[in-house]
Amino acid sequence: MKTVKAMKIMCKSLVIAVTMAAVMAGVVLSTRSAVAQVEKPGVEKLYILNCGEGRAGDQSRWSPGVNVGVPIDMVDSCYLIKHAQGWFLWDTGVADAIAAMPEGQRPENPAMTQWRRPKTLAAQIDALGVKPADIKYVAISHTHPDHIGNVELFPQAMLLVQRAEYEWPSPLGVGRFKPEHPVTKLEGDRDVFGDGSVVIISTPGHTPGHQSLLVTLPKTGAVVLSGDAVHFKDNWDHRRAPSFNFDKDKTIASIQRIADIMAQHNAQLWINHDKAQRDGQKLAPEFYE
Ligand SMILES: [Zn+2]
């Protein structure tokens, strides 16, 4: 009898112990998930903004020996990303001042792109209820004018640019950015928010410090924003480097690097200037999540 009683007591205490352990585990688990929610919310949404539309007189500028003398329509995209830690803008397009020019900005060389600006960047951001001062980071793929036209709309935003690009002497002999603009000069890749959801990847070649962006969205999944690592899908498919690129070998190596990253992350490639692709995408105020 004594043994049975003792066993009953033991059983009871075991039940109590197990219950207490479960409760404690539950507490631990819920605390953990709360921490995870605070620390790893990732990207909430991404808007594609119209940052220019244009026509170039000779596609072969970008595809040497192919489609010589054939005009090509291009778009210029900016991407506004909402992360729980702040707004992040990728590229700024052609200057907003071009919106006031009915025919757009005529290039010196007709083979190059005549850019128009159907909408200003400022107006598109404003329409989303975002103030320029809300933008925490502005990262630019490179320093060509169709990507940095509006950096100074965001004088307080931290500019994220490769050191090699920032220090690349401007062909015009003038600074591309105001010297007082806050800047982080990167030397390679950068996980911007520390959670892997917005990662700048170094892809030199088009220019000395060209960079692309790996974004991971909660529903859409991983996307690589090309910058000008390639200009349109045909060049991606055929691994072509435009004749005016800074370094052809680095261009091809960077295309391969992007392909490897895409395979690793099961990512899509969104090509900044590819009109056919962008015509099938949602533009702000619609968004990707
Ligand atoms: Zn470029």
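Counting starts at 1 for both ligands and their atoms, in listed order. For the numbers below, each heavy atom of this structure counts, side chains included, while hydrogens, waters and symmetry mates do not.
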Atom pairs and distances, side-chain donor-acceptor, residues 75-82, under 3.5 Å, sequence neighbours left out:
residue: Asp76; atom: OD2; partner: Val94; partner atom: N; Å: 3.3
residue: Ser77; atom: OG; partner: Asn272; partner atom: O; Å: 3.1
residue: Lys82; atom: NZ; partner: Glu44; partner atom: OE1; Å: 2.8

Asn266 atom CG, neighbour heavy-atom count above 12 within 6.0 Å |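 Atom CG in Asn266 is not crowded, with 12 or fewer foreign heavy atoms closer than 6.0 Å.
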Heavy atoms of other groups near Lys178 NZ, more than 12 under 6.0 Å =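 No, because the 6.0 Å sphere around NZ of Lys178 holds 12 heavy atoms or fewer from other groups.
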What protein atoms of element N, O or S are positioned under 2.8 Å from the Zn ion (ligand 1)?
->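 For the Zn ion (ligand 1), the protein N, O and S atoms that sit under 2.8 Å away are His142 NE2, His144 ND1, His206 NE2, Asp228 OD2.
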So, Arg278 and Asp274, do they make that salt bridge, N to O below 4.0 Å?
->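 No, no charged N to carboxylate O under 4.0 Å.
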Transitive ILVMFWY cluster of Met112, excluding itself - 4.5 Å side-chain cut-off |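 Members other than Met112 - counting any ILVMFWY side chain reachable under 4.5 Å - there are none.
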Provide the full list of side-chain hydrogen bond (donor to acceptor under 3.5 Å, both in side chains) pairs with a residue in residues 180-189, sequence neighbours left out, each pair given once.
->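 The answer is Glu152-His181, Arg163-Glu187, Asp189-Arg257.
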